[in-house]
Amino acid sequence: MDLNSILKTKFGFDRFREGQEAVIRSLLGGADTLAMLPTGTGKSLCYQLPAYLLKGSVIVVSPLLSLMQDQTEQMKMRGEKSVIALNSFLTGTERETALRHLQRYKFIFISPEMLHQPYILSRIKQLEIGLFVVDEAHCISQWGYDFRPEYLSLGEVRKSLGMPLTLALTATATEQVREDICKYLELRAPQRFIYSVNRPNIAFKVDCTGSYREKEEKLIAYAKTLKKPGIIYFSSKKAAEEMAERLRLEGIAETAAYHSGVDQEQRILIQQQFIYGQIGIICATSAFGMGINKADIRFVIHFHFPLQMESYLQEIGRAGRDGLPSIAILLYTAGDELLPLQLIESELPTHSQIAAFSGWKGDVKDAEFALGCTEQQYSFLQHYKKLQLPEEEWTLKVASIRDERMAYKRRKLKEMEHWVRSEACRRQEILRYFGEPAFSEKENCCDICGFDVGLYEEKQAVQRVAETLPAWDFLLQKIFRRSEQNG
DNA sequence: CGACCTTAGTTTAGACTAAGGTCGGTGCCCTAAT
């Protein structure tokens with residue numbers, strides 16, 4: 001079969017990017033496949049193309065509603081109409097209609113949570129499934145253990161669907177995370193295609209400051225001098241808001257804050273304005289980034305301390321997809337690691353909460369409130385309820401799982417600290433962490449090896465010309481047409 | 001760690017400060033009554 005002609009006719013490309021063809025051939029050969037491809041190399045093509053050569057539908061498990069909407073929209077623009085996002089954006093009747101005619105759709109996007117609804121799953125079971133895809137598969141390991149436990153049960157879903165051919169896609173995963181992915185998806189002898197996480201055009205800098213105030217001043221100076229656009233990451237919504245306001249006061253007008261507290265419509269607007277160059281700096285929490293397709297991001301600054309190397313790499317990996325010089329700066333003040341430590345502590349239930357949950361006699365729905373659990377702690381307890389052990393045994397077992405998980409998270413944080421404090425080349429240390437061979441190029445590498453700061457600074461104030469920009473009100477209306485109909 | 005809130009103490013009535021405690025980040029899903 002001629003893959004190149006399908007590539008040309010269906011997608012309009014003349015050639016494959018690195019990794020794509022190998023992954024597609026592996027799938028067409030019938031092998032479960034794990035693909036770790038660098039950001040921006042067109043991962044979605046890896047399942048979209050083989051879809052036209054395989055019998056049956058393609059199920060794509062996606063972590064975010066906005067990501068599903070983006071992808072289905074893009075596919076429709078390309079001319080692929082038999083695609084649907086099966087999620088809570090659909091009204092009751094729309095969903096019913098879709099479920100009755102599921103076999104009409106070649107591509108079905110769905111969240112892990114929705115996939116666990118017995119009614120939905122029973123409908124999907126009746127389909128012929130050509131390919132089962134898990135996009136952003138590192139979420140299994142990163143979120144599955146506590147935040148979104150349905151990610152850990154995707155293997156069970158696969159079983160109940162008759163173990164369909166499966167593709168797991170990610171951009172950043174250590175060997176251990178890759179193992180987790182294969183284990184929890186229950187892949188059979190998976191083919192692995194692992195490409196380097198190294199991004200030679202991104203320089204690294206760890207900037208140590210003496211105090212919080214000094215850190216703020218340094219950040220403002222960077223925001224003024226560095227080439228835009230850029231992202232500044234915070235571990236607090238409030239800090240992101242305040243810094244966005246502060247930067248506006250400092251004369252950097254095109255600045256916006258983005259976090260989970262900003263309402264959905266506003267979030268989409270900010271994201272679009274950033275992509276079209278109307279916003280130069282985004283002050284964000286970890287809510288921002290997944291699925292952002294913007295090639296010319298010039299800097300990513302971390303104001304707070306990242307929880308682990310993987311998430312740090314994912315966040316800085318959003319810079320410089322166009323291959324041009326870009327910089328990742330981490331601002332550090334002694335004691336910064338205490339904040340993520342606090343966050344980690346609140347992720348998992350305490351021993352006394354575990355014991356109390358185990359002996360809980362009332363309505364399960366009241367347990368969350370009565371035990372003073374966060375939603376996340378509760379979902380952890382809820383997930384392990386299915387172990388079905390006698391009360392005391394359950395308490396011991398779950399407490400040990402919890403302790404193990406806590407130790408793991410602390411270890412990840414320690415690794416991050418080690419990287420910050422290390423006096424070895426930043427890039428080599430990252431590659432070592434991901435189990436990759438050393439990289440010889442030393443030019444414009446990191447603050448240890450040295451780089452030319454001028455490469456990343458704005459030469460002069462750039463007057464941005466108002467280009468042909470989309471009409472936002474129209475776009476938003478289109479996206480939110482439902483709420484208008486209902487309201 | 002820093003920001004913010006509550007509480008206790010002082011002192012003689014509403015308001016001040018200091019001390020002590022808590023919190024901080026990611027997202028799916030419709031539960032049921034107008």
Side-chain angles (χ1 to χ4, degrees), chain A residues 61-69 85-92 95-96 109-121 135-136 138-154 208-216 233-243 257-264 267 283-292 302-308 310-312 314-315 331-348 363-366 368-369 372 374-379 382-383 409 412-413 417 486:
Chain A
V61 180
S62 173
L64 301 179
L65 297 178
S66 61
L67 210 58
M68 295 182 206
Q69 298 300 108
L86 209 53
N87 59 34
S88 58
F89 282 9
L90 299 177
T91 62
R95 190 165 72 162
E96 265 316 304
F109 288 80
I110 191 166
S111 70
E113 288 84 359
M114 193 69 122
L115 206 45
H116 277 79
Q117 303 281 323
Y119 173 58
I120 306 272
L121 189 59
D135 198 10
E136 308 286 357
H138 58 273
C139 292
I140 292 172
S141 180
Q142 196 169 309
W143 284 351
Y145 289 98
D146 33 55
F147 186 47
R148 293 177 69 178
E150 281 82 358
Y151 259 108
L152 283 197
S153 314
L154 285 176
C208 295
T209 60
S211 70
Y212 193 80
R213 294 270 163 264
E214 190 190 330
K215 186 153 93 167
E216 286 180 322
Y233 277 105
F234 297 83
S235 298
S236 138
K237 300 180 211 174
K238 193 168 238 171
E241 285 284 348
E242 285 170 358
M243 188 50 74
Y258 186 107
H259 53 75
S260 69
V262 176
D263 70 69
Q264 192 69 16
R267 279 168 73 165
C283 294
T285 61
S286 55
F288 185 77
M290 220 188 263
I292 298 292
H302 280 73
F303 186 80
H304 285 136
F305 205 83
L307 285 162
Q308 47 164 304
E310 284 98 312
S311 41
Y312 183 62
Q314 273 153 23
E315 287 166 356
L331 291 164
Y332 177 75
T333 308
D336 274 0
E337 59 280 358
L338 291 171
L339 198 155
L341 199 59
Q342 288 308 116
L343 286 173
I344 288 172
E345 295 287 338
S346 68
E347 283 175 340
L348 295 161
D363 194 331
V364 183
K365 280 178 197 149
D366 299 330
E368 178 176 359
F369 181 72
T374 61
E375 195 180 353
Q376 196 176 151
Q377 291 170 325
Y378 181 73
S379 84
Q382 191 69 34
H383 177 76
K409 287 177 185 235
K412 302 298 269 183
L413 183 60
E417 280 180 61
N486 292 351

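Protein chains get the first letters and strands the later ones, always in sequence-line order, with residue 1 at the start of each.
A donor-acceptor contact under 3.5 Å is not formed by the side chain of A:Q142 with the base of B:dT26.
Residues A:D336 and A:L331 have side chains not in contact (no heavy-atom distance under 4.5 Å, counting atoms from C-beta outward). The shortest side-chain heavy-atom distance between A:F234 and A:E241 does not fall under the 4.5 Å cut-off.
Between B:dC28 and B:dA33, the two C1' atoms lie 24 Å apart (nearest whole Å). Taking atom P in both B:dC5 and B:dT11, one finds a spacing of 27 Å when rounded to whole Å. Between B:dT12 and B:dT6, the distance separating the two C1' atoms is 23 Å to the nearest Å. B:dG9 and B:dA13: their C1' atoms are spaced 14 Å apart (whole Å). With both ends at atom P, the span from B:dG27 to B:dT31 equals 22 Å, rounded to whole Å. Taking atom P on both nucleotides, B:dG25 is separated from B:dA3 by 15 Å, rounded to a whole Å. Here, B:dA18 and B:dG14 have their P atoms 23 Å apart, quoted to the whole Å.
For A:R148 and B:dC29, the shortest distance from a side-chain N or O to OP1 or OP2 is not below 4.0 Å. Taking side-chain N and O atoms only, A:S346 has no distance below 4.0 Å to OP1 or OP2 of B:dG25. For the OP1/OP2 pair of B:dA3 and a distance below 4.0 Å, the side-chain nitrogens and oxygens of A:R213 include at least one atom meeting the criterion. Residue A:T285 places at least one side-chain N or O closer than 4.0 Å to OP1 or OP2 of B:dT26. A:S235 has no side-chain polar atom (N or O) that falls below the 4.0 Å cut-off from OP1 or OP2 of B:dG24. Note on A:R267: every side-chain N or O is 4.0 Å or more away from OP1 and OP2 of B:dT26.
A pairwise comparison of heavy atoms in A:V262 and A:A257 identifies CG2-O, 4.1 Å as the closest pair. Minimum interatomic distance between A:S260 and A:A287 (heavy atoms only, all atoms of both residues): N-CB, 4.0 Å.
For A:R95, counting side-chain heavy atoms from C-beta on, the closest listed nucleotide (B:dC30, B:dT26, B:dG27) is B:dC30. Comparing atom distances between the A:L338 side chain and each of B:dC29, B:dC4, B:dC1 picks out B:dC1 as nearest. Proximity note for A:S286 (side chain, C-beta onward) versus B:dC29, B:dG2, B:dG25: the nearest is B:dG25. Comparing atom distances between the A:E242 side chain and each of B:dC4, B:dC29, B:dC1 picks out B:dC4 as nearest. When each of B:dG25, B:dG27, B:dC29 is scored by its nearest atom to the side-chain atoms of A:F147, the top-ranked nucleotide is B:dG27. When the nucleotides B:dG24, B:dT26, B:dC29 are ranked by their closest atom to the side chain of A:S236, B:dG24 comes out on top. Nearest to the side-chain atoms of A:Q376 among the listed nucleotides B:dC1, B:dT26, B:dC29 stands B:dT26.
For A:L339 and B:dC1, the CG to C1' distance is 7 Å, given to the nearest whole Å. Whole-Å rounding puts the A:K409 NZ to B:dG25 C1' distance at 11 Å. B:dG2 atom P lies 14 Å from atom CE of A:M243, rounded to whole Å. Protein atom NZ of A:K237 is 5 Å distant from nucleotide atom P of B:dG25, rounded to whole Å. Here B:dT26 presents its P atom at 13 Å from CZ of A:F234, a figure rounded to the nearest Å. Rounded to an integer number of Å, the gap from A:L154 CG to B:dC28 C1' is 13 Å. Regarding A:E136, its CD atom lies at a distance of 14 Å from the C1' atom of B:dG27, rounded to whole Å. Computed from coordinates, the A:L65 CG to B:dC30 P distance equals 10 Å when rounded to whole Å.
Both A:Y212 and A:E347 sit near DNA chain B, but only A:Y212 has its closest nucleotide nearer the 5' end.
Counting non-hydrogen atoms under 4.0 angstrom, A:E337 reaches nothing in the nucleic acid. Within the 4.0 angstrom heavy-atom criterion, base atoms lie near A:L307. At a threshold of 4.0 angstrom between heavy atoms, the contacts of A:H259 are confined to the sugar-phosphate backbone, with no base atom among them. Within the nucleic acid shown, A:P340 has no heavy atom closer than 4.0 Å to any nucleic acid atom.
For the residue pair A:Q142 / A:Y151, no side-chain donor-acceptor distance below 3.5 Å is found, with atom types taken as modelled. Side-chain contact of A:H138 with A:E310: a donor-acceptor pair under 3.5 Å is absent, judged by distance alone. Between A:E150 and A:H383, the side chains place no donor N or O within less than 3.5 Å of an acceptor N or O (distance only, hydrogens not considered).
Aromatic ring orientation, A:Y258 versus A:F288: perpendicular (interplanar angle above 60°, classes split at 30° and 60°).
Under the Watson-Crick or G-U wobble criterion, with both distances below 3.5 Å, B:dT11 has no partner in any strand shown. Across all strands shown, the partner of B:dA19 is B:dT6, judged by Watson-Crick or G-U wobble contacts whose two distances both fall under 3.5 Å. Across all strands shown, nothing is found opposite B:dT31 as a Watson-Crick or G-U wobble partner with both distances under 3.5 Å.
The aromatic ring of A:W143 does not sit over the base of B:dT26; the criterion of centres under 5.5 Å apart with planes under 30° is not met.
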